[in-house]
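For reference, the structure is listed below as structure tokens.
Model, not experiment: these values are computed from the prediction.
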Amino acid sequence: MQSPWKILTVAPLFLLLSLQSSASPAYDDSSRPRDSNGHTCVGCVLVVSVIEQLAQVHNSTVQASMERLCSYLPEKLFLKTTCYLVIDKFGSDIIKLLSADMNADVVCHTLEFCKQNTGQPLCHLYPLPKETWKFTLEKARQIVKKSPVPKYSRSGSDICSLPLLAKICQKIKLAIEQSVPFKDVDSDKYSVFPTLRGYHWRGRDCNDSDQSVYPGRRPDNWDVHQDSNCNGIWGIDPKDGIPYEKKFCEGSQPRGIILLGDSAGAHFHISPEWITASQMSLNSFINLPTALTDELDWPQLSGVTGFLDSTVGIKEKSIYLRLWKRNHCNHRDYQNISRNGASSRNLKKFIESLSRNKMLDYPAIVIYAMIGNDVCNGKSDPVPAMTTPEKLYSNVMQTLKHLNSHLPDGSHVILYGLPDGTFLWDNLHNRYHPLGRLNKDVTYAHLYSFLNCLQVSPCHGWMSSNKTLRTLTSERAEQLSNTLKKIATSEKFTNFDLFYMDFAFHEIIQEWHKRGGQPWQLIEPVDGFHPNEIVSGRRCSSSGPKSWERRIHSTPRLNRCLETKAGTEPLRSMHPWGAQGGRGLGKLMPQTLWGLLRHRPKGVSLSSIFAKCLSLNEEHICMTVQLCMLLGSVTLPLFLK
């Protein structure tokens, strides 16, 4: 699990040239000199494979397939422009090599995106050529020998080297490294911007010009004059003169939810259609800019802090949504402090991004879920680099002491154990990877071997054909889980209670079987490593104190306010209690979209309507539909009056 998103900053369609050096912070604790070349090699092989398969699927030339690929990419983030620049730079040689029946491995070694260092094994994804590798590579080099020289200077391909973009790239890189919002005017660690560590990761700021206003704080004077905690409740009830915040939230024990996690907690996900030629269309990459600016993570869909419904068929609500449903005063009080490649070792580098004031804020439920990187790495011999139980104890105690100095009294901390990752190989190794489904030539076992050879595997220990290594990795994971359990039962802190929970993936598999699913469906496609839901909101939320179950008996007026405010949009210009919330939207909507919303036919999902409004570039409509997706179709009449 070491920085898996780095692979796809070089893979999603020519981003290997523009983003790998600027937007890919090194999260590992030790330097690995082969990392850069390894990720570049993976990116090249994936892109060339897609080009070759597009030509096959559409029975077209390689030139046409490259142009088709570029046409699918959005204009945002210079994706389309970068694609055409890459075609101009490398296209002629790619055409020559693929036309000569060279596979993606040979192409990328010929163009020197992949290199076989002296004394190192030959890393390849596809079966080796029938002729010897040395002969095939020399033949390929002769094919491109007549190309203009010098042609390949990848050092100048970094888009962030451009003077106009250098400063903003540096600021973006710093925001990612520190895990704080890129756009945060008042520096309170909350933002009105969704990505780049914005409100996809933590509750949306409702006043970005006031540092004292942010989600999760105790209300200032019961929020008589303004919404100081961004939960959408403020003002005074004219009937009795009681502040609404006091009337509906006093005694309800509001709590925020905070996740300290890795790529699984951040909901790292690579959409299969990005690299599956038979599925590619103009709509395939509509979410790519958002994904890239969220580090190829989808925290808005995560099992802990997600505020949108999952798109992978698992209908369990996130823990945040369950807390919100039980107590609407918890609105927007979530923080996903997760990073790809995070572990107990490097958590101290970004835990400072956590926002909680022990004197001013509500208590919080903190989930510590470093479920893999303490045993996972990409080294050729991964065992010596695994965290020892003694070192884990020291690291976790340091984290808990930091939490104790920041969390308000009455908080709860839950330590999650590590899973037994042998289910990865057992359930996936003989299945075809999306790159191999067209020609039945690449399984997950082939992909794992390729990544291991390049030393860029998310987890060599579990993603390996070596059963002994898989067993050793699981044994170390069990030792670390026992260490976490020991800490939870023996250590005491003044500001929070400490709990431990097993990562009971086998129980989740059994439950999934009962629903008619297969185990491999619980693991993200493409990388074949990340569980779809790291933490089941059902299990965690129902195991806590009964006070967490307390719900507010709100009036219809407050219900309307909270339902109107339940999305991520601020709606600051509306009446504070949403009396006018959502009215008159029909006049703003295109008739086709309006008809779909008002009289949605059976089988037409809200997500498809949301995709439609995105294609129309109607952001104010999208927010309404997105909100309806979050709340359920029962709220549609509320918005469509």
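- Cysteines C83 and C70 place their SG atoms closer than 2.5 Å to one another.
- E295 and R197 are joined by a salt bridge, as a carboxylate oxygen and a charged side-chain nitrogen come within less than 4.0 angstrom of each other.
- No more than 12 heavy atoms of other residues, nucleotides or ligands sit less than 6.0 Å from atom CG of N59.
- Nearest heavy atoms, A477 versus P419: CB-O, 3.8 Å.
- Checking side-chain atoms of S474 against main-chain N and O of R470 turns up a donor-acceptor pair under 3.5 Å.
- Note: F90 and F113 meet the aromatic proximity criterion, with ring centroids under 6.0 Å apart.
- Remark: side-chain polar atoms of S353 are paired, donor with acceptor, to backbone N or O of F350 under 3.5 angstrom.
- Scanning for side-chain hydrogen bond (donor to acceptor under 3.5 Å, both in side chains) contacts around T443 gives H446, with sequence neighbours left out.
- Proximity of the aromatic rings of W133 and H109 is defined here by a centroid distance below 6.0 angstrom, and this criterion is met.
- For the residue pair N340 / D262, no side-chain donor-acceptor distance below 3.5 Å is found, with atom types taken as modelled.
- Here CD of Q53 is found 9.0 Å from CD1 of I275. Values are rounded to the nearest 0.5 Å.
- Using modelled atom types, one side-chain atom of T61 and one backbone atom of A64 make a donor-acceptor pair closer than 3.5 Å.
- We find the CG-OG distance between N452 and S465 to be 8.0 Å, quoted to the nearest 0.5 Å.
- In this structure, L288 CG and L77 CG are separated by 7.5 Å, a value rounded to the nearest 0.5 Å.
- Aromatic ring centres of Y444 and H433: separated by under 6.0 Å.
- Cysteines C123 and C453 have SG atoms closer than 2.5 angstrom.
- For the side-chain contact (heavy atoms from CB on, under 4.5 Å) test, residues two or more places apart in sequence or in another chain that qualify with T290 are T195, H200, D294.
- The CG atom of L69 sits 7.0 Å away from atom CD1 of I87, with the distance rounded to the nearest 0.5 Å.
- In the model, N283 has no side-chain atom that pairs as donor or acceptor with a side-chain atom of S281 under 3.5 Å.
- For the residue pair E52/Q56, the side-chain donor-acceptor check at 3.5 Å is not satisfied.
- Rounding to the nearest 0.5 angstrom, the gap separating the OG atom in S278 from the CZ atom in R437 is 9.0 Å.
- Between C108 and C44, a gap of under 2.5 Å is found separating the two SG atoms.
- The minimum heavy-atom distance between A385 and N377, with the atom names listed, is CB-ND2, 3.5 Å.
- Judged by distance alone, with hydrogens and angles left aside, the side-chain atoms of N373 form a donor-acceptor pair with the main-chain N or O of A342 at under 3.5 Å.
- Summarising the local packing, NZ of K183 is surrounded by 12 or fewer heavy atoms from other residues, nucleotides or ligands at distances under 6.0 Å.
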### Task
I would like to know whether M370 and L347 meet side chain to side chain contact (heavy atoms under 4.5 Å, CB included); could you show each step before the answer?
CA-CA 9 Å; M370 301 294 173; L347 176 58; 3.7 Å; yes
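- For the pair I337/L259, no side-chain contact is recorded, criterion being any heavy-atom separation below 4.5 Å from C-beta on.
- Using modelled atom types, one finds no donor on one side chain facing an acceptor on the other under 3.5 Å when comparing S464 with N466.
- Residues that satisfy the side-chain contact (heavy atoms from CB on, under 4.5 Å) test with L472, not counting sequence neighbours, are V383, T468, E475.
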### Query
Given V42 and F450, is the side chain to side chain contact (heavy atoms under 4.5 Å, CB included) satisfied, shown in steps?
CA-CA 8 Å; V42 174; F450 182 47; 4.1 Å; yes
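- Taking a cutoff of 4.0 Å between a charged side-chain nitrogen and a carboxylate oxygen, R345 and D374 qualify as a salt bridge.
- Between the side chain of D184 and the backbone N or O of P181 there is no donor-acceptor pair closer than 3.5 Å.
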